[in-house]
Amino acid sequence: GRAVARDLEPGLLHGLGPTGEGRYLSGRFSKARFLLPLPELSGIYSPDNPRLQDIGELMSKKAELLGAGNGEEARNLSREIQLRVTLAVTCFLTVVMGAPLGGALRRVWVANFAAAWGVVFLYELFLVLGEDLVGQGLIGGALAAWLPNLAMGVAGAFLFARWGRV
């Protein structure tokens, strides 16, 4: 496997014993070289991770999966593709919700802070809910990606109608 070499200049080494039983050890060394093994690229750092691929690659992979009859994985990729598009809309909707909230809660900074974190929490809640519903096959990937924005849009429209003139 791959490894990174680290050279240490002469010095003192302090720490617990090798078994970690709580014995404190110290010692002097003249020079030391450590080889730190690098993990293989897997999981989140894998080139196959959809979050590291561009939309063109994702659409090609989705077409392959649909051709092979793997609808569940294709729904997940559809959600990932749509999430890339929804991020710009999310920024706009955050302003649509934040402007009336900020106007209504002008001088109460604690309430503004709580409202901002509440918006983030609800957005993430709908994001996870959509991902779970896709995993269960109850909704498509596109609807799951747009679900948080639909909720934020409805809430933002309500807040603007209620407090937009503040």
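The basis for the numbers below is simple: all heavy atoms, side chains too, and nothing from hydrogens, waters or symmetry mates. Because the structure is a prediction, the values reported are computed rather than measured.
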Residue pairs passing the salt bridge (Lys or Arg N to Asp or Glu O under 4.0 Å) test with at least one member in residues 81-99, sequence neighbours excluded, are Glu80-Arg84
What about Phe158 and Val89, same hydrophobic cluster or not, with Ile/Leu/Val/Met/Phe/Trp/Tyr joined at side-chain heavy-atom distances under 4.5 Å? yes
Rounded to the nearest 0.5 Å, the CG atom of Leu66 sits from the OG atom of Ser78 at a distance of 9.0 Å
For residues 141-153, the salt bridge (Lys or Arg N to Asp or Glu O under 4.0 Å) pairs (sequence neighbours left out) are none
Contacts of Leu122 meeting side-chain contact (heavy atoms from CB on, under 4.5 Å) (sequence neighbours excluded), chain-then-number -> Leu125
Separation between CE (Met152) and CG (Leu147), nearest 0.5 Å, reads 12.0 Å
Applying side-chain contact (heavy atoms from CB on, under 4.5 Å) to Leu150 and not counting sequence neighbours gives Leu143
Applied to residues 132-155, the side chain to side chain donor-acceptor pair (under 3.5 Å) test, sequence neighbours excluded, yields Gln82-Trp146, Thr90-Asn149, Asp132-Gln136
Quick note, side chain to side chain donor-acceptor pair (under 3.5 Å) partners involving residues 93-103, not counting sequence neighbours, are none
Single-linkage hydrophobic cluster, 4.5 Å side-chain cutoff, Phe160 and Leu93 together
yes
On a heavy-atom basis, the closest approach of Ala145 and Pro148 is O-CD, 3.5 Å
Excluding Ile55, membership of its hydrophobic cluster (Ile, Leu, Val, Met, Phe, Trp, Tyr; side-chain heavy atoms within less than 4.5 Å) reads Leu58, Met59, Leu65, Leu77, Ile81
Same apolar cluster: Leu138 and Leu129, side chain cutoff 4.5 Å: yes
To the nearest 0.5 Å, atom CG of Asp54 lies from atom CD of Glu57 at 4.0 Å
Grouping ILVMFWY residues whenever side-chain heavy atoms fall under 4.5 Å, the cluster of Phe113 otherwise contains Trp117, Val120
The remaining residues in the hydrophobic cluster of Leu35, counting side-chain heavy-atom contacts under 4.5 Å among Ile, Leu, Val, Met, Phe, Trp and Tyr, are none
- Query: In the single-linkage hydrophobic clustering (I, L, V, M, F, W, Y; side-chain heavy atoms under 4.5 Å), do Phe126 and Leu159 co-cluster?
  - Reply: no
For Val134, the side-chain contact (heavy atoms from CB on, under 4.5 Å) test, sequence neighbours excluded, returns Arg75, Asn76, Arg79, Ile139, Ala144
Applying side-chain contact (heavy atoms from CB on, under 4.5 Å) to Arg33 and not counting sequence neighbours gives Ala5, Asp7
